[in-house]
Amino acid sequence: MRDVESAVRVLRRRVATALALRALLMAAGGWFLLWGIGALIARVLGAPADVVLAAGLAGTAIVAVLAAGRGIRSAPGDRALLSFLDARQHCGGLAAASADVPLGGWSLPNVDVPAIRWNARKKLLYLAGCAAFVIGAMLIPIGGASSHHTLQLGADAKRLEEKIELLQEEKIIPPERADALQQTVEELKTNAAGDDPAKAWETLDAVDDAVTKAAGTAAEDAIRKGETLSQLEAMASVAAADPAALADLLRAAESAAPHLGTTDPGKIGAAARQSKAGLRNRLAKLAAKGMIDPKSLRKFDNPESSELARYLREHRSGSMAGPTGRPGRGGVDRGRGDAPLFFGEETQTANEKFKDHALPPATAASLEDSQLVGMSATAPQQTQMRASAGGALTASGGAGSAYTTTVLPRHRGTVGRFFERTPK
Amino acid sequence: MSLIQPDELLPHTRRATSIIDELDRILLGRTALHRLVVIGILSRGHILLEGVPGLGKTMLAKALGDVLSLELKRVQFTPDLMPGDILGTNILQESDGGGPRRLAFQPGPIFANILLADEINRASPKTQSALLEAMQERAVTLLGVTRPLPDPFFVMASQNPIEFEGTYPLPEAQIDRFLFKLNVTNVDVDVLDDIISTRRRGEPPAPQSRVTQDELRELFAAVDRIFLPKAVSRYIARLVAATHPEGPEHTESVAKYVSLGASPRAAIALAEAGRAEALLSGRPTVGFDDVRRVTHAVLGHRLMLGYRGRLDGIGTRQVVDDLLKSIDETGVRLPEDVTIA
């Protein structure tokens, strides 16, 4: 038993606590729902899970404080609780009146503070469901969403770096260009995000294309240079046997290797072989890294100029005349225009057999089988007939003509104009 | 404003209780009825007694007049009773000494402290309506002259709940002017035994103590000093508002059965009767329980039920019971799942 004033204070505290907890449960449930939905959206958009978790927990704290405050504010006032105690404890209006007037000689009876009953089962179930939703939203795997995981480019990037190093070693690309490419690959390895793999792969492909293109260009140069060196080597071997060809060799050597500094055909040939070997080694490295087509290596090994070298070796004592014995380098489809044409023997067609084919008969009747049955000077009378279902209009010739034919609708205008024209 | 102090209130409470005791001594076995009648008198309200003949309604009125030292006049209402028979009339009178004749007002039986209107529903509506001004204004106007009635003035009317042939049900305006409608019911066997063994020919004993009119006025003054707390007045207002089908807190039975709710006069009656009840209980303030105790007597005759009530056999008692159960006295609004035990 307490005096009424303290009983009101205790009762108010109990009611406020119950209402605050109730508001807290409801608000937390609502917030958990929002948090869960927001977490799903954020995860789909690729937001980091720890950020979503931190935001949710911070929101929970704010919502809890606000809800508790609202619950406390919604508690009945002292006057209402005083009246409540008056009614429940049968104070006869004295307690209620104590809020309005001084009681004077009257004293308030002691009262029991009633307990608060709160049936929280539904609210707790609601909160548990909402909390489960949040946990599920945070943990459920979402397809296509990678929460800021770095894209694993290790193997491809390493391969690309090796290619760039090779190009730099072989001095195919300048060091600045090589450094720039290496830096690009490094940045990709560090910053490539899983949420946009296509972008990373595109960049990687662009670097790979640049590297491959540089290697391809270097291979073409090497092949071209290899051909020149092969020619030089062939001419050197010829010049070694025929001093008359030395002048041509020196001109060719001056053009192909200006800093050679020797006139000895043997040394020139050896230098050409050495340079060619270096080029082949380079191409072999590029082909081993898959930077160029292996065919390029075969092309380097078997240049078109090898035919020339073979010819020159076989005809080392002859002139530069072609197979026809006349100057010129061409064949049947190229070469000088004044080169004479040579024809072989005529084709024999005497014993050729042809297969007979019977042609189908003509569809039109032969004019020889036609018969004149009558003539008319006027236009034949046309009978208007209804169009058939097939769309053709059947017209029969008039004026005694026994010949009937079918005039299609698209011909009617022409036929009409022919027969209805006025004679001049 | 201050409350009436205990030493001031106690004599009045004793005096009011003595009236009830005296009535209990005169009429056996009707303590609850006597308490309500005294509450009605202390509230200065009119009382309608309803019961079958022979239950002591007239005797109660006579005993009350005797105990309170008030002049009581009885009028048997019949269909041919005219307003003038109650209010009085002007008659032509010869003056002494051969002077000119003049119209002199002859007061009717209403000029008394207590008018016992026996079987009031047998009079015509015209005659019934003659009581309207007297009951409300406590004055009578005749030929343009208004004459105040004696103070205090009460109407105690009785009506028979059976034998409705040839009766005129009281109009709502007049029913509303009665503070209480009290049902006078049969007494039990023990009381009957006491009556026939202690009362020869049913004659009641003479009162042993009487309350003078001055003491009665002091009692009225004491009732006026009983404080009505704000919370209780709010409860009364909500209770009366809930009797209307369109009211904010109306119950299902009100919506279903009540066609016309209680008037503001009912709220005033509840407050006044609550004050008198508090005085009888020896308290300076009106409590929620005081209001609940008089609610049936105040509201029972003021609720007009529709035809569904008759069909379902529902009376105003059930509707008022429903209201008292459903309306929380204090208006503390808590969520449904939170309750104060």
Side-chain angles (χ1 to χ4, degrees), chain A residues 7-8 10-12 14-23 25-26 71 74-109 111-126, chain B residues 1-10 13 223 225-239 270-271 273-295 324-341:
Chain A
V8 166
V10 172
L11 182 60
R12 188 174 197 283
R14 289 179 183 175
V15 172
T17 305
L19 292 178
L21 282 174
R22 184 179 180 276
L25 285 189
M26 292 183 66
S74 67
D78 287 350
R79 180 183 284 265
L81 292 177
L82 204 58
S83 304
F84 184 88
L85 284 177
D86 189 306
R88 290 290 187 277
Q89 310 276 340
H90 305 287
C91 296
L94 266 178
S98 67
D100 301 327
V101 291
L103 296 183
W106 300 93
S107 59
L108 288 170
V111 294
D112 289 324
V113 182
I116 307 296
R117 287 182 184 164
W118 175 28
N119 183 9
R121 183 180 299 171
K122 287 182 181 175
K123 299 287 182 300
L124 287 174
L125 283 175
Y126 167 68
Chain B
M1 182 180 177
S2 62
L3 296 180
I4 183 171
Q5 294 305 302
D7 53 341
E8 295 175 287
L9 182 64
L10 188 60
T13 301
V223 169
R225 293 185 61 189
I226 299 294
F227 182 71
L228 179 67
K230 183 71 182 165
V232 180
S233 68
R234 183 77 184 171
Y235 173 56
I236 292 173
R238 288 169 52 224
L239 200 61
L270 275 174
R275 281 193 169 96
E277 170 67 30
L279 182 133
L280 280 173
S281 302
R283 280 183 282 100
T285 54
V286 182
F288 297 102
D289 293 334
D290 299 329
V291 176
R292 272 196 294 269
R293 279 190 205 109
V294 297
T295 301
L324 290 175
K325 280 180 193 168
S326 66
I327 294 183
D328 175 63
E329 302 94 330
T330 58
V332 172
R333 295 177 186 276
L334 294 175
E336 286 183 2
D337 50 349
V338 178
T339 53
I340 303 177

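Labels below follow one simple rule: chain letters A, B, ... track the order of the sequence lines, proteins then strands, and each chain is numbered from 1.
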* To do: Quick one: which of B:S2, B:A231, B:A278, B:P284 has the most heavy-atom pairs under 4.5 Å with chain A, could you say?
  => B:P284
* For A:L85, is it the side chain, the backbone, both or neither that has a heavy atom under 4.5 Å from a heavy atom of chain B? -> neither
* **Part of B:D7 within contact of chain A (heavy atom distance under 4.5 Å)** => neither
* **Over all atoms of both residues, closest heavy-atom pair of A:G93 and B:T285** => C-OG1, 3.2 Å
* **Region of B:I226 that comes under 4.5 Å of a non-hydrogen atom in chain A** => neither
* **Residue part contacting chain B, namely of A:R88, when any heavy atom lies under 4.5 Å** => side chain
* To do: Determine whether B:F288 and A:D86 make a side-chain contact, defined as any pair of heavy atoms from C-beta on separated by less than 4.5 Å.
  => yes
* To do: Measure distances from B:E329 to the heavy atoms of chain A and classify the residue's part below 4.5 Å as side chain, backbone, both or neither.
  => side chain
* Asked: Does any N or O in the side chain of B:D337 come within less than 3.5 Å of the main-chain N or O of A:W118, such that one atom is a donor and the other an acceptor?
  -> no
* Structure fact -> Correct closest heavy-atom pair for B:A276 and B:V223 would be N-CG1, 4.1 Å
* Structure fact -> If you tally heavy-atom pairs under 4.5 Å between each of A:R22, A:R14, A:H90, A:R121 and chain B, the highest tally belongs to A:R22
* Structure fact -> From the list A:G105, A:P76, A:A120, the residue making the most non-hydrogen contacts under 4.5 Å with chain B is A:G105
* Asked: Counting only N and O atoms by type, is there a donor-acceptor contact under 3.5 Å from the side chain of B:T13 to the main-chain atoms of B:L279?
  -> yes
* Pairwise side-chain hydrogen bond (donor to acceptor under 3.5 Å, both in side chains) hits with a residue in residues 92-107 of chain A, at least two apart -> A:R79-A:D100
* For chain B, the option from A:G77, A:G92, A:C91, A:S83 that forms the most heavy-atom pairs under 4.5 Å -> A:G92
* Please determine, among B:S281, B:G274, B:G287, B:P229, the option with the most heavy-atom pairs under 4.5 Å with chain A. => B:P229
* Do the non-hydrogen side-chain atoms of B:L3 and A:L94 ever get within less than 4.5 Å of each other? -> yes
* Structure fact -> One option among A:A18, A:A80, A:A87, A:S74 has the most heavy-atom pairs under 4.5 Å with chain B, and it is A:A87
* Against chain A, label B:L334 side chain, backbone, both or neither, depending on which of its atoms sit under 4.5 Å from a heavy atom there. => side chain
* Structure fact -> Nearest heavy-atom approach of A:G104 to B:Q5 is C-OE1, 3.7 Å
* Asked: Which bit of A:L11 comes within less than 4.5 Å of chain B, counting heavy atoms only: side chain, backbone, both or neither?
  -> side chain
* Structure fact -> Cut-off 4.5 Å, heavy atoms of chain B, and the answer for A:K122 is neither
* Asked: Quick one: what part of B:V338 sits under 4.5 Å from any heavy atom of chain A, side chain, backbone, both or neither?
  -> both
* **Part of A:R117 within contact of chain B (heavy atom distance under 4.5 Å)** => both
* Quick one: closest heavy-atom pair of B:I327 and B:Y235, and the distance? => CG2-CE1, 4.0 Å
* With B:R293 via side-chain hydrogen bond (donor to acceptor under 3.5 Å, both in side chains) - residues at least two apart -> B:E277, B:D290
